[in-house]
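In what follows, chains are A, B, ... by sequence order, proteins preceding strands, each numbered from 1. Quick note: numbers below take in every heavy atom, side chains included, and nothing from hydrogens, waters or symmetry partners.
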Amino acid sequence: KAGVTQTPRYLIKTRGQQVTLSCSPISGHRSVSWYQQTPGQGLQFLFEYFSETQRNKGNFPGRFSGRQFSNSRSEMNVSTLELGDSALYLCASSPQPGNTEAFFGQGTRLTVV
Amino acid sequence: EDQVTQSPEALRLQEGESSSLNCSYTVSGLRGLFWYRQDPGKGPEFLFTLYSAGEEKEKERLKATLTKKESFLHITAPKPEDSATYLCAVQALGYSTLTFGKGTMLLVSP
C-alpha cells in the first residue's frame, strides 16, 4: 500500500512569488491535514480537509489556502511568499477526520530567497 | 489553548544506556496522545497512541506511558538506529487536529 506522496520534495522560490504544493493521501483515506514545520515553532497546523470541504484552519494568514479534490488529493497554495515561509510543509492523511492515526508524507522543503 | 512541552530538548546517550523522554500537556479534554519519530529530512513516523491515564504501549525498545498531565517515552538499551527526533502531540475531544511539542532530539552513540 503506497504511503502519502508529496510533490515536489524541494522547491526554491523568490519573495513575492506564489507556490502550490500537492499531497496524495493513502488510498482509501479521505481526510488530509497540512502542517508547517520550522526549527523555531515546530509543527503547526495549517488546515484540514474532508470530502472536499475545509473542516479546520490554523492561525495562519490568508495567503495560505488549500483545497481538496474528489479523489481526496489535496493542494495548498501560498501567495506573495515571504522569507519566513521557508519551512518543511507536511501532509498527513487518515481514513476520516478525528481518526487517531495520522500518517505523514515526506514533506516539501520550501526555501524562499 | 492546548499546549505540549517536551523535555529535554536534546539527549545524548551511549548505546545500551536507558532513559526517558517527557511530554507534559494541557488540554481541555484528551482524546489521544501521540508519539512520532522523525528522521532528518523525513516526515514523522507514527509510533503510539495513548487514550487514558494508566495506559502503556510497547514497541521493540520503546515503551510509552500516560498520566493525566504527562507522558513518558522510555527507551531501553537504545541502539544508534534509535537516533531521531521524537515528537509528542495531543488531540482534544471534539477536535481532529494535532497540537505538537517541539520534540526531543535523541542521539545514541555506539
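- Here CG of B/D39 is found 8.5 Å from OG1 of B/T85. Values are rounded to the nearest 0.5 Å.
- In this structure, the portion of A/L88 lying under 4.5 Å from any heavy atom of chain B is its side chain and not its backbone.
- In this structure, a donor-acceptor pair under 3.5 Å is absent between the side chains of A/T108 and A/R9.
- Judged purely by distance below 3.5 Å, without hydrogens or angles, the side chains of B/S20 and B/H74 pair a donor atom with an acceptor atom.
- With a threshold of 4.5 angstrom between heavy atoms, B/Q38 approaches chain A through side-chain atoms but not through N, CA, C or O.
- A donor-acceptor contact closer than 3.5 angstrom is absent between the side chains of B/Q6 and B/N22.
- Only the side chain of A/Y35 comes within contact range of chain B, judged by heavy atoms closer than 4.5 Å.
- Contacts of B/L87 with chain A are made by side-chain atoms alone, with heavy-atom separations under 4.5 Å and no backbone atom involved.
- Looking at A/E48, only its side chain comes within 4.5 Å of chain B, counting heavy atoms on both sides.
- The neighbour count for B/K42 NZ, taken as heavy atoms of other residues, nucleotides or ligands under 6.0 Å away, does not exceed 12.
- With a threshold of 4.5 angstrom between heavy atoms, A/Q37 approaches chain B through side-chain atoms but not through N, CA, C or O.
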